[in-house]
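These notes concern the structure reproduced below.
Lettering follows sequence order; numbering is per chain, from 1.
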There are 4 protein chains.
Amino acid sequence: MSTPTSSRAERMRLQLREEIVQTAAEVFAERGYHRTGIADIAQRLGVGNSSIYAHFAGKRALFDVVIDDAMSGVMSLLTAENAPAAADTFEDYQEQVRRIASGFTVALRDDPAVLRLLRALLVEAGGVDEELAGKASAFTDAATQVTAAYLGHGRSRGYLRADLDVEATARVVNAMIFSVALEETRREATPEETQRIVDATLALYFGGVAA
Amino acid sequence: MSTPTSSRAERMRLQLREEIVQTAAEVFAERGYHRTGIADIAQRLGVGNSSIYAHFAGKRALFDVVIDDAMSGVMSLLTAENAPAAADTFEDYQEQVRRIASGFTVALRDDPAVLRLLRALLVEAGGVDEELAGKASAFTDAATQVTAAYLGHGRSRGYLRADLDVEATARVVNAMIFSVALEETRREATPEETQRIVDATLALYFGGVAA
Amino acid sequence: MSTPTSSRAERMRLQLREEIVQTAAEVFAERGYHRTGIADIAQRLGVGNSSIYAHFAGKRALFDVVIDDAMSGVMSLLTAENAPAAADTFEDYQEQVRRIASGFTVALRDDPAVLRLLRALLVEAGGVDEELAGKASAFTDAATQVTAAYLGHGRSRGYLRADLDVEATARVVNAMIFSVALEETRREATPEETQRIVDATLALYFGGVAA
Amino acid sequence: MSTPTSSRAERMRLQLREEIVQTAAEVFAERGYHRTGIADIAQRLGVGNSSIYAHFAGKRALFDVVIDDAMSGVMSLLTAENAPAAADTFEDYQEQVRRIASGFTVALRDDPAVLRLLRALLVEAGGVDEELAGKASAFTDAATQVTAAYLGHGRSRGYLRADLDVEATARVVNAMIFSVALEETRREATPEETQRIVDATLALYFGGVAA
DNA sequence: AATGAATGAGTTTTCATTCAT
DNA sequence: AATGAATGAAAACTCATTCAT
């Protein structure tokens, strides 16, 4: 259905755009926003500096796209294949959360850049732009909504504490998840270490520390 | 009778140094490392650019001092007035943790810059320097040790779960604490909102989410 | 058919690099290392400041290249077209030295900057860098070797004094040559004045002052 | 004869001024004009920065005084105890020149700073100021006059070559002397090495290189 | 359409000089 | 009279962005 004249060129163009985003994601994740230069990205991709400007208005705009991708990637992980309403017992819920956690773990093992990008967003946000800071807040809020939906469902079903402050707890839980994930990517933990952390997180989540 | 080295001039000098650190802490906390220029700090303090260089080798060195201050400030909060061995029952322990949490809350209300600086450290670390990244790791590890001591004591006393993975849980708990604190300073939460978050955190910590 | 690496752009690039070196040589020769700013060089060449940084790591690195050029230029003059072994009689030797001296005179008339740069090297060396001082020493030593080869040949052929301290005399002679050359470029002597100095130098060299 | 009220204070003041000049001479000689900071001089002398400004208008003015001292010191060596007219035979003249050379050698061994300062003058002159360059020229010319007087006397007495270009030769000889002296102080030659150079210089001077 | 060389605006840093104490 | 902390003007250098080819 696309016009024949632009079809091949257009495909090439979109492919390059995608490659730029991929490469930019890598470099931003490795070095952070400020230490990454446009030249670094172009060089790694093997294109000229200004080819990037043919697709993006500038460094900041490119970072925006990269961050949006990372955000939606993480959102997919949070929401994937498990509806909040799916669990009806605490056991089901535990199983559901474990599946999500496992999905996270696997996804981040395969593509740790997503997490580092999130770190770049959440951490450097204030050091780049007011606008970016706003985007970070929005993302946190959205994630809170998702988690709160799960918690609200569980509370109403009765398998979570009746006095649970759903919104506040959602916020805490997400903070915990992101922190742990960031920590683990930062210190380049082994899979075993990561598993211990994940287990400890889930144990804390489900039962607290009390004997 | 006063030693010549602590004369009026010397006192003035130290005072200016202290003012520079204070102001730098403010600006770094507000804008992050990269967006902060030496000129910003000097201007806010109302001194010339080069006065800062009379006290610090450069921007990076100044940031180091500011970060060290913030780190030891937070460490004091973590360790202050409550020995790990002080609690012998779960009730005592809850009380102890509440006191620490309350201390945190109050301290950060009075001096939110400390937290924002910690954010600057933990978040921008990788975007500044390998050395700074190392400092961030060291801090995280030290905080883990402190928390682990509390948890280990509680487990051996029997008021915390026998199967508690002390080291991993300590890491998670600290991540949770810092994340929440950072989040709260970022979104400039009201005291009430903050209190809700703190309560939710403690509830999660002590009893998990289970009914 | 031309290789992509030596394309038009590449040639332009190399040409600009060469122009930068030329211009830098001029300005360094005129004003010395410290009084010369990158901006002076850029301005005289009519390019932007940062264009220079696209070709050289910094002011010091540019000076290095300029000095190396000057050094090899002078070395060529010292060694050009006359092998140490070429002369077998005192008359031949005199003729040979006169040719070298004449080559020097002509070369320096056409490109006095080379000499001024050598002055910059020999004179400012200690005021810039330990490394540069080392380079100056190495150059002096190399020049001594060249001259000593001539003197040694003449002594063994018997047309120079049997008691000649070859190495020490070589050092003295070079010092004399460079000093005279530097003096002449400094005071912007007329060709006639220079010729008188060259003649006096050669007369002193060949026969001393004695009647 | 001085006024009693200012006598002691005045003496102190002059003494400090003298110490500043001495210390400045040391540091300028060691590091050259540009790498020497006012603070370096003040610190080595153990006085405050601004005490120097109580005696000299600035760094440049202080350097001027230091250089003038060095220049007159070298001039004394050139003219000391030996009148141009004193020698009547070549043997006398040789003896006279040897005495002067020996005086130079001893003086510079005891106070090598004078030579290094001269180097600073002759070498860095162009890199500091037009005025300083002029002073260097004037010094060279004055030294030429002194040497020319000796040579002229010798030629008229008949013990130096009748065709000697007195003025040009004087210039060459001085250049040789200064170069050798500078070289020797730069490479921190041993007394033996220096003696070899001095001998080679005198041999060249008196008899040239011819067999 | 792609290139990459050139740009210039912005930042850190130095140091001779001044000035309050 | 001496101090040394503070200054500000100047210089080197970086890098996102533009533009001629």
Heavy-atom nearest nucleotide on DNA chain E for C:Val47 versus A:Ala54: which residue maps closer to 5'? A:Ala54

Cation-pi geometry met for A:Lys59 and A:Phe28 (6.0 Å, 45°): no

Please report, rounded to the nearest Å, how far the C1' atom of F:dC15 is from the CD1 atom of A:Ile52. 13 Å

Run the salt bridge (Lys or Arg N to Asp or Glu O under 4.0 Å) check on C:Arg60 and C:Asp64 step by step: do they pass? CA-CA 6 Å; C:Arg60 183 64 179 72; C:Asp64 242 29; 2.6 Å; yes

For B:Gly37, does its backbone N or O pair with a side-chain atom of B:Asp40 as donor and acceptor, under 3.5 Å? yes

Report the C-alpha distance between D:Asp129 and D:Lys135 in whole Å, list the side-chain angles of each, state the deciding distance to 0.1 Å, and finish with yes or no for salt bridge (Lys or Arg N to Asp or Glu O under 4.0 Å). CA-CA 10 Å; D:Asp129 235 32; D:Lys135 187 170 279 191; over 6 Å; no

Report the residue from B:Val47, B:Val21, B:Ile52 that forms a side chain to side chain contact (heavy atoms under 4.5 Å, CB included) with B:Ile41. B:Ile52

Exceeds 12 heavy-atom contacts within 6.0 angstrom, atom CD of C:Gln43: no

If you compare all heavy atoms of B:Asp69 against all heavy atoms of B:Ser72, which two are closest, and at what distance to 0.1 Å? O-OG, 3.1 Å

Taking only heavy atoms on the protein side, list every residue of residues 15-30 of chain A lying under 4.0 Å from any atom of DNA chain F, sorted numerically. none

Length of the line joining C:Leu45:CG and E:dG8:P, which is rounded to integer Å: 14 Å

Chi angles and distances behind the side-chain contact (heavy atoms from CB on, under 4.5 Å) call for A:Arg35, A:Glu30: CA-CA 9 Å; A:Arg35 287 212 298 182; A:Glu30 281 171 22; over 6 Å; no

Starting at CZ of C:Arg13 and ending at C1' of E:dA6, how long is that distance when rounded to a whole Å? 11 Å

Paired and unpaired positions of DNA chain E as dot-bracket, Watson-Crick or G-U wobble under 3.5 Å, | denoting a partner strand: .||||||||||||||||||||

Interatomic distance, C:Met12 CE vs F:dT21 P [rounded to whole Å]: 7 Å

For atom CD of C:Gln43 and atom P of E:dG8, their distance in whole Å: 12 Å

Tell me the interatomic distance from A:Arg35, atom CZ, to F:dA16, atom C1', rounded to whole angstroms. 18 Å

Just to confirm, is there a sub-4.0 Å distance from OP1 or OP2 of F:dA1 to any side-chain nitrogen or oxygen of D:His55? no

Closest non-hydrogen atom pair, C:Leu62 against C:Ala24: CD2-CB, 3.7 Å

B:Ala113 versus B:Ala29, closest heavy-atom pair with distance: O-CB, 4.0 Å

What do the steps show when you test D:Arg11 against D:Gln15 for side-chain contact (heavy atoms from CB on, under 4.5 Å), and what is the final call? CA-CA 6 Å; D:Arg11 262 179 290 132; D:Gln15 185 184 331; over 6 Å; no

Heavy atoms under 4.0 Å is the rule here; annotate nucleotides 14-19 of chain E 5' to 3' with B where the base is hit, S where only the sugar-phosphate is, and - elsewhere. BBSBBB

